[in-house]
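Nothing here was measured: the structure is a model prediction, and the numbers come from that model. Letters go in sequence order (proteins before strands), and every chain restarts at 1.
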Amino acid sequence: MAENPYTPQQGKLDQPLLESQLLERWRNLGVFEKSLEARAGGEPWVFYEGPPTANGMPGTHHVLARVFKDVFPRYQTMRGRRVERKGGWDCHGLPVELAVEAELGFTSKDDIEEFGIAEFNARCRESVFKHVGEWNRLTERIGFWIDLDDAYRTLDASYVESLWWAIKTISAKGLLYEGHKVVPYCPRCGTTLSSHELGQPGAYRDVVDTAAFVRLPITAAHGPLEAGDQLVVWTTTPWTLVSNAAVAVDSDLTYVRASVGGQIVVVAEALVEKSLGESAEVLSKFAGKEIVGAAYEPPFNFISAADYGPAGHTVLAADFVTAEEGTGLVHTAIAFGEDDFRLGEQAGLAAINPVKPDGSYDERIGSYAGRQVKDCDADLIADLESRGRLLRAEDYEHSYPHCWRCSTPLLYYAKPSWYIATSKIRDRMLEENATIDWHPEHVKDGRFGKWLENNVDWALSRERYWGTPLPVWRCGRGHTHVIGSFDELEELSGIRIEDPHRPYVDEVAFPCPQCTDRMVRVPEVIDVWFDSGAMPFAQHHAPLENQDRFEQRFPADFICEALDQTRGWFYSLLAVSTLLFDKASYRSVVCLGLILDGDGQKMSKSKGNVVEPWSILDSQGADPLRWYFLTSKQPWDGYRFSTDAIDESTRRLLLPLWNVLGFFTLYANASGVGPIAGDPQPANDLDRWILSRLAATVTTVSERLEAFDATAAGREIQELVEDLSNWYVRRSRRRFWDGDEAALGVLRHVLLTISKLLAPFCPFMADHIHVTLDPEGAESVHLCDWPQPGTRDESLEAAMAAAREAVTLGLAARGQAKIKVRQPLRAAVIVATEEERAALEGLAEVVREELNVKELRFADAADELAQLEVKPNYRTMGPTFGKDMPLAAKAVEALDAVHVGDLLKSNQPVHINVAGREHPLGADDLIVSMMPLDGYQLEREGSHAVALELTLDEELLLEGLAREVVHAVQAARRDAGLDVEDRISLSLDGDQRLLEAASLHKDYIAAEVLATAFEVGTAASGEEVLVDGRKLVVAVERN
RNA sequence: GGGCGAUUAGCUCAGCUGGUUAGAGCGCAUCUCUGAUAAGGAUGAGGUCCCAGGUUCGAGUCCUGGAUCGCCCA
């Protein structure tokens, strides 16, 4: 007998401790590296890491993303694929600048310029990796296997050079241009605000502005309009009226000419009362499209119609006009609104902006020149009124964006900016999107698809400091040259650039290739989303080097990020690769939802409900957290996060596994049965059943993981563990006590296979099981191959399901009768059809033992316990009978069940008459079942029932008492601190009836409690206990 | 204002292409087993499947409208 073939399980499960031991083991053995080396020759399966910014602390939502980024690569690795996992860091951008500004107490760009760009950017460079140590520590702790030593960094010169190549390539395709864009702008700080900054708390505030209804007389009859009719427009920003360029209407909306106070005005029909009051008299109605093209007099004459172009001061059709507010006619000032600007571009209107960067009017606005625009609202309105051009002015409360730093109301303002003409590749992006496998599916055509359909050109440039410099040089005559590499820059300038960031790159100048004027770089940096979108090639410094390495790893098989990346990384990846390679850069994407607290509230620092990952990892462990994220729900639906929910991972999955493993090692060691080579050798139906369940689970888990469905895959594993723990082990205990090699072999095989299935989900527990059970095998479960499904026996699975249901019903019946399971009963009577009966008979032993009955009997049609019943199968009969289905159902129920049973048994069709026609029905169309008769004490569920024979005779009673004695002796053994395999000498004394039972079942008791010597009626000393109300003295002595 | 999603037991979630007694876990109550023992098991209570229409022989499931919540956009 070998001494402890397996390391004994130690006490209670301490998940964090277990994990720390395995982390050390993986580190020492280099398991991650080995898992990659072992697949070096495998077919690549490509994962792209969406780079996080390491200038903030990692939170629970980062753990979520990293868990999902881990599970599928681990699975594919076990499938034999080569899954490299290169880490990455997003280093540039406004969040980094803002953090540094806050640190330095800066409030504007002037502060930065004064401080010096070189020093400022040096601070940014430091700041961006402020918490990288923390990120690395957390990443390792949660078991996310990724190569952080060789991570790409978007600030590296090589990375930036690849970006320059990309921009030059895009430019060469004619897709890079300089244009105008309307942006929220703070006139005090002289700075454009990003959408990120508009999202800052306090940015939107409720303010009261003046809303003006302005009259714009038509200059010449047009369609239903006559000269002198007045268009009425409505605006909450009177200061923009000076640059009114056009009036927008909705083509299909109904407008009216209405008479008010003797004048004829035009508004949308739906808004007549709201804008004109009840006295207005409608003269005629027409669609918006009928007045498109009509010319009108502008509210002010500072800028002429001709300056705007042919469509200046005319009515235009637009898609953004609504009949919710105002008049349904929208004042359009090209430079001061997103919609306005887009309309201007479509209609070919010049983007005239008479407002200077400091927020004052320029010289074109006559007497108002030099004044802050917002301050002119009242005067402008008075001016309109004096000329009879104001219909009405009123206070209007709305939320309006302000600068989050200085509280100045922002202006929407057209500024020059560099663009990529993504709208020209919109259709290609849509086509490529169609090839992407989205999880969840609805994002493809929903959020993401809609976003693509409404694609506008990518505003690439930022007037900032810490970012990839836009590689555009320009000379005094306006020629531009895009630089695509450091070599090219050196060739032209003679300077080899070391750090391509500002301000150094700004100092590099060269003669214009066209006119020899001095060329200097434009001041802008590029949007950080372009940085990360270019990671497929830039991470390898392709194509400037490693082009083959890039090509072998493009596109990605899998990416995964939170849903807020739809317009972020998911888009920039697709846009960049479509621009450059005319191809999507990822095949599958898994989206993750938001993490809310247990009450469904968003986690925020101010609410104090943020759950910090370390507290969970330290107290509960990484596996429970991973399992919670992976299996509790579909990840994109978001989480209601609570520590209780994580405990459930432990209670339902990890603890049962730990217990079963402990159970196995205990008895395998006790009997000295070590690992047995080869396939498991099932010795009975329970063995065959659990192996069949295992096979089914392997198949399903593989399928679901292939489909990126960790949730369903995990739940499948969960069910198998429950079956194993609550049924297989429970029903096989005696064999383990006896050291049954077949049982030990099967259990070991099942546990080892589960450890492989579980490895991608809970890498710690999985490896613990593996290392414990296969000490001579692979160093880690993570170096193992994914299991192949064994053969299934579905009829056995069905039979076992029936047996378990019979047990459930039998136990319920015992509960009703209030008779303990320890008390044997004569018989259980099971109501079942012939088929079920055949299945159950093979498993009678299992059911008998579990119910503790001497005999299993079956009721059949002849039995008084039940009768046959025949019901229609709606699923098969429904399509055939359609409307007549209720009649058909009645006809079926009227059939004689016994007769139907006989016919079907001999494969003959059953006929029913419906609506005067005969219809043959086959076995599939009819459900024949046993229905228990009323009036019996039994438990039933659906068509199944189990009745217990409750009469207790002397024999049964004594046997019951014998089992009580066993129970008492076992308790005494435990109290004496004996090991499970210790042999004892046992003496009993006390109540005569108990002793009678003990004597009668002496051999049984001795075997149960491992007594080698057993005396009845002679216990001198010993523990006195009460058994079933009777006194028993138990003396136990270890041999 | 627009788009997308969600709404099933007290809580967290399943429910496949429509098929006739809607499931699981937790919690609660009652009971129970024990050679996995600070674990395990059973039973029970608990549901107008958000509401209203519609399609259908039949709707938690499909369609329309509405409500509430969330995310994104304006």
Side-chain angles (χ1 to χ4, degrees), chain A residues 9 11-13 195 320 322-325 337-339 440 442-443 445-451 453-454 562-564 566-567 591 593-594 596 598 600 602 628 631-634 636-642 644-645 647-648 651-652 655-656 658-667 670 711-712 715 718-719 722 725-727 729-730 733-734 736-738 807-816 818-822 850 852 871-889 939 941-943 963 966-967 969-971 973-974 978-982 1008-1010:
Chain A
Q9 192 88 337
K12 206 180 147 193
L13 173 60
S195 57
F320 55 80
T322 69
E324 302 292 325
E325 255 179 340
E338 186 81 52
D339 287 334
H442 63 77
V443 176
D445 297 318
R447 190 182 282 206
F448 195 66
K450 293 270 165 32
W451 162 253
E453 281 168 22
N454 296 316
L563 208 42
D564 58 14
T566 309
R567 287 162 164 77
C591 304
L594 209 71
L596 305 172
K602 208 168 174 173
Y628 166 71
T631 67
S632 71
K633 59 191 308 201
Q634 298 294 351
W636 43 83
D637 286 337
Y639 294 81
R640 282 201 175 199
F641 193 84
S642 73
D644 285 352
D647 273 335
E648 202 172 313
R651 263 202 316 271
R652 276 190 80 194
L655 204 50
W658 174 264
N659 285 333
V660 172
L661 181 67
F663 179 87
F664 174 87
T665 54
L666 180 64
Y667 291 107
T711 313
R715 287 177 179 184
Q718 173 89 64
E719 274 183 40
E722 273 162 19
S725 160
N726 294 341
W727 194 248
V729 171
R730 176 184 162 82
R733 275 179 293 200
R734 184 163 302 274
F736 293 105
W737 304 340
D738 296 344
V807 167
T808 297
L809 293 169
L811 289 174
R814 269 189 180 270
Q816 287 293 317
K818 299 210 182 301
I819 297 176
K820 293 180 178 180
V821 178
R822 217 179 289 152
E850 186 68 15
N852 194 18
K871 289 163 92 177
N873 183 357
Y874 282 90
R875 199 186 267 273
T876 58
M877 288 174 63
T880 316
F881 287 92
K883 269 195 214 305
D884 292 329
M885 190 58 210
L887 293 173
E939 286 296 316
E941 169 71 30
S943 61
R963 289 186 64 146
V966 168
H967 184 208
V969 175
Q970 299 293 17
R973 281 185 60 116
R974 193 168 64 243
L978 300 184
D979 280 341
V980 288
E981 69 269 33
D982 285 338
E1008 286 296 297
V1009 304
L1010 304 182

Colleague: If you define the side chain from C-beta out and look only at heavy atoms, does anything of A:Trp737 sit under 4.5 Å from A:Leu666?
Modeller: no

Colleague: Consider the side chain of A:Arg567, meaning its heavy atoms from C-beta on, and name the nucleotide among B:G41, B:C72, B:G35 that approaches it most closely.
Modeller: B:C72

Colleague: Work out how far the C1' atom of B:A29 is from that of B:A36, and round it to whole angstrom.
Modeller: 27 Å

Colleague: Between B:U48 and B:U7, how far apart are the two C1' atoms, rounded to whole Å?
Modeller: 15 Å

Colleague: Do the side chains of A:Glu1008 and A:Arg734 get close enough for a salt bridge, i.e. N-O under 4.0 angstrom?
Modeller: yes

Colleague: Under 4.0 Å, counting only non-hydrogen atoms across every strand here, what does A:Val443 touch: a base, just sugar-phosphate, or nothing?
Modeller: nothing

Colleague: Which base, if any, makes a Watson-Crick or G-U wobble pair with B:C26, both distances under 3.5 Å?
Modeller: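 Its partner is B:G10 (Watson-Crick or G-U wobble, both distances under 3.5 Å).
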
Colleague: Look at all strands and tell whether A:Phe736 reaches a base, only sugar-phosphate, or nothing, counting heavy atoms closer than 4.0 Å.
Modeller: nothing

Colleague: Indicate, with a heavy-atom threshold strictly under 4.0 Å, whether A:Arg973 touches base, sugar-phosphate, or nothing.
Modeller: nothing

Colleague: Give me the distance, rounded to whole Å, that separates B:G46 from B:A22 when you measure between the C1' atoms they each carry.
Modeller: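 Roughly 14 Å separates the two C1' atoms.
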
Colleague: Report the distance from atom CG of A:Leu811 to atom P of B:G40, rounded to the nearest whole Å.
Modeller: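 Distance check: A:Leu811 CG to B:G40 P gives 17 Å.
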
Colleague: Using side-chain heavy atoms (C-beta onward) and a distance below 4.5 Å, is A:Arg973 in contact with A:Asp982?
Modeller: yes

Colleague: Quantified in whole Å, what is the P atom distance between nucleotide B:G60 and nucleotide B:C50?
Modeller: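 Their P atoms lie roughly 10 Å apart.
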
Colleague: Using the P atom in both, what is the distance from B:U43 to B:C33, to the nearest Å?
Modeller: 15 Å

Colleague: Under a 3.5 Å cut-off for both contacts, is B:C71 paired Watson-Crick or G-U wobble with anything, and if yes, with which nucleotide?
Modeller: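 Check on B:C71: paired to B:G3, both distances under 3.5 Å.
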
Colleague: Among the nucleotides B:A14, B:G25, B:A36, which one has an atom lying closest to any side-chain atom of A:Gln634?
Modeller: B:A14

Colleague: Counting only side-chain heavy atoms from C-beta out, which of B:U17, B:A24, B:G41 sits nearest to A:Arg652?
Modeller: B:A24

Colleague: Take the protein atom CG of A:Leu655 and the nucleotide atom P of B:G41, then report the distance between them rounded to whole Å.
Modeller: 11 Å

Colleague: Please tell me if A:Lys12 has a side-chain N or O lying less than 4.0 Å from either OP1 or OP2 of B:A38.
Modeller: no

Colleague: Hunt down the Watson-Crick or G-U wobble partner of B:G60, both distances under 3.5 Å, from any strand shown, or write none.
Modeller: none

Colleague: Determine the contact category for A:Leu887: base if any of its heavy atoms lies under 4.0 Å from a base atom, sugar-phosphate if only primed atoms, P, OP1 or OP2 are that close, otherwise nothing.
Modeller: nothing

Colleague: Please pick, from B:C72, B:C33, B:A36, the nucleotide with the shortest atom-to-atom distance to any side-chain atom of A:Val729.
Modeller: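 The closest nucleotide is B:A36.
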
Colleague: A:Asn726 side chain N/O closer than 4.0 Å to the phosphate oxygens (OP1, OP2) of B:G41?
Modeller: yes

Colleague: A:Val821 side chain: which of B:A39, B:G35, B:C33 is closest?
Modeller: B:C33

Colleague: Find the distance A:Arg875:CZ to B:C16:P and express it as a whole number of Å.
Modeller: 11 Å

Colleague: Can you tell me the base-pairing partner of B:G65? Count Watson-Crick or G-U wobble geometry only, both distances below 3.5 Å, and say none if there is no partner.
Modeller: B:C51

Colleague: Could you pick out which residue, A:His442 or A:Tyr628, lies toward the 5' side of RNA chain B when each is mapped onto its nearest nucleotide?
Modeller: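 Whichever sits nearer the 5' end wins; that is A:His442.
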
Colleague: Over how many whole Å does the gap from A:Arg651 atom CZ to B:A24 atom P extend?
Modeller: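 Nearest whole value for this atom pair: 17 Å.
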
Colleague: Mind checking A:Leu563 for me? I need base, sugar-phosphate or nothing, with any heavy atom below 4.0 Å counting as a touch.
Modeller: nothing

Colleague: Does a side-chain N or O of A:Arg733 approach OP1 or OP2 of B:G35 to a distance below 4.0 Å, or not?
Modeller: no

Colleague: Roughly how far apart, to the nearest Å, are B:G58 and B:G53 at atom P?
Modeller: 16 Å

Colleague: Can you tell me the pairing partner of B:A39 across any strand shown, Watson-Crick or G-U wobble, with both distances under 3.5 angstrom?
Modeller: none

Colleague: Looking at A:Arg814, I'd like to know whether one of its side-chain N or O atoms comes within less than 4.0 Å of OP1 or OP2 on B:U32.
Modeller: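 It does not, given that no N or O in the side chain of A:Arg814 lies less than 4.0 Å from OP1 or OP2 of B:U32.
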
Colleague: With a 4.5 Å heavy-atom cut-off, do A:Phe448 and A:Arg567 have their side chains touching?
Modeller: no

Colleague: Strictly below 4.0 Å: does A:Arg447 bring a side-chain N or O up to OP1 or OP2 of B:C4?
Modeller: no

Colleague: If you check every side-chain atom of A:Lys820, which of B:C33, B:A42, B:C57 has the closest atom?
Modeller: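 Closest of the options to the side chain of A:Lys820: B:C33.
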
Colleague: Let me spell it out: for each of A:Thr631 and A:Gly882, pick the nucleotide of RNA chain B with the closest heavy atom. Which residue's pick is nearer the 5' end?
Modeller: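 Its nearest nucleotide being more 5', the pick is A:Thr631.
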
Colleague: Under 4.0 Å: is that the gap between some side-chain N or O of A:Lys450 and OP1 or OP2 of B:C4?
Modeller: yes

Colleague: Would you mind reading off the distance between A:Asp884 atom CG and B:U56 atom P, rounded to a whole angstrom?
Modeller: 15 Å

Colleague: Between atom CZ in A:Phe663 and atom P in B:C33, what is the gap in whole Å?
Modeller: 19 Å

Colleague: Can you find a heavy atom in the side chain of A:Glu648 that is under 4.5 Å from one in the side chain of A:Tyr628?
Modeller: no

Colleague: What's the CZ-C1' distance between A:Phe448 and B:C73, to the nearest Å?
Modeller: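 Whole-Å distance recorded here is 15 Å.
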
Colleague: Considering only side-chain heavy atoms of A:Ser725, which listed nucleotide, B:A42, B:C13, B:A36, is closest?
Modeller: B:A36

Colleague: Taking the side chain of A:Tyr667 as its heavy atoms from C-beta onward, which of B:G35, B:A14, B:C33 lies nearest to it?
Modeller: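 The listed nucleotide nearest to A:Tyr667's side chain is B:G35.
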
Colleague: Does the side chain of A:Val1009 come within less than 4.5 Å of A:Gln970's, by heavy atoms?
Modeller: yes

Colleague: Between A:Arg640 (CZ) and B:C69 (C1'), how many Å, whole number?
Modeller: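 Roughly 9 Å, once rounded to whole Å.
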
Colleague: Does B:G46 have a Watson-Crick or wobble partner in any strand here, with both distances under 3.5 angstrom, and which is it?
Modeller: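 Answer to the pairing question: none, since B:G46 forms no Watson-Crick or G-U pair.
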
Colleague: Among the candidates B:G19, B:G5, B:C26, find the nucleotide nearest to the side-chain atoms of A:Glu648.
Modeller: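 That would be B:C26.
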
Colleague: Side chains of A:Val821 and A:Arg814: closer than 4.5 Å at any heavy-atom pair?
Modeller: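 Side-chain contact under 4.5 Å: yes.
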
Colleague: Provide the Watson-Crick or G-U wobble partner of B:G18, both distances under 3.5 Å; none if there is no partner.
Modeller: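 Across any shown strand, B:G18 pairs with none.
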
Colleague: Could you give the distance separating B:A59 and B:G15 at their C1' atoms, to the nearest angstrom?
Modeller: 14 Å

Colleague: Taking the side chain as every heavy atom from C-beta outward, state whether A:Glu850 and A:Arg730 have any pair of such atoms under 4.5 Å apart.
Modeller: yes

Colleague: Answer yes or no: is there a side-chain heavy-atom contact under 4.5 Å between A:Val966 and A:Arg822?
Modeller: no

Colleague: Which of these nucleotides, B:A39, B:G41, B:A14, is closest to any side-chain atom of A:Asp637?
Modeller: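 Minimum distance to the A:Asp637 side chain belongs to B:A14.
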
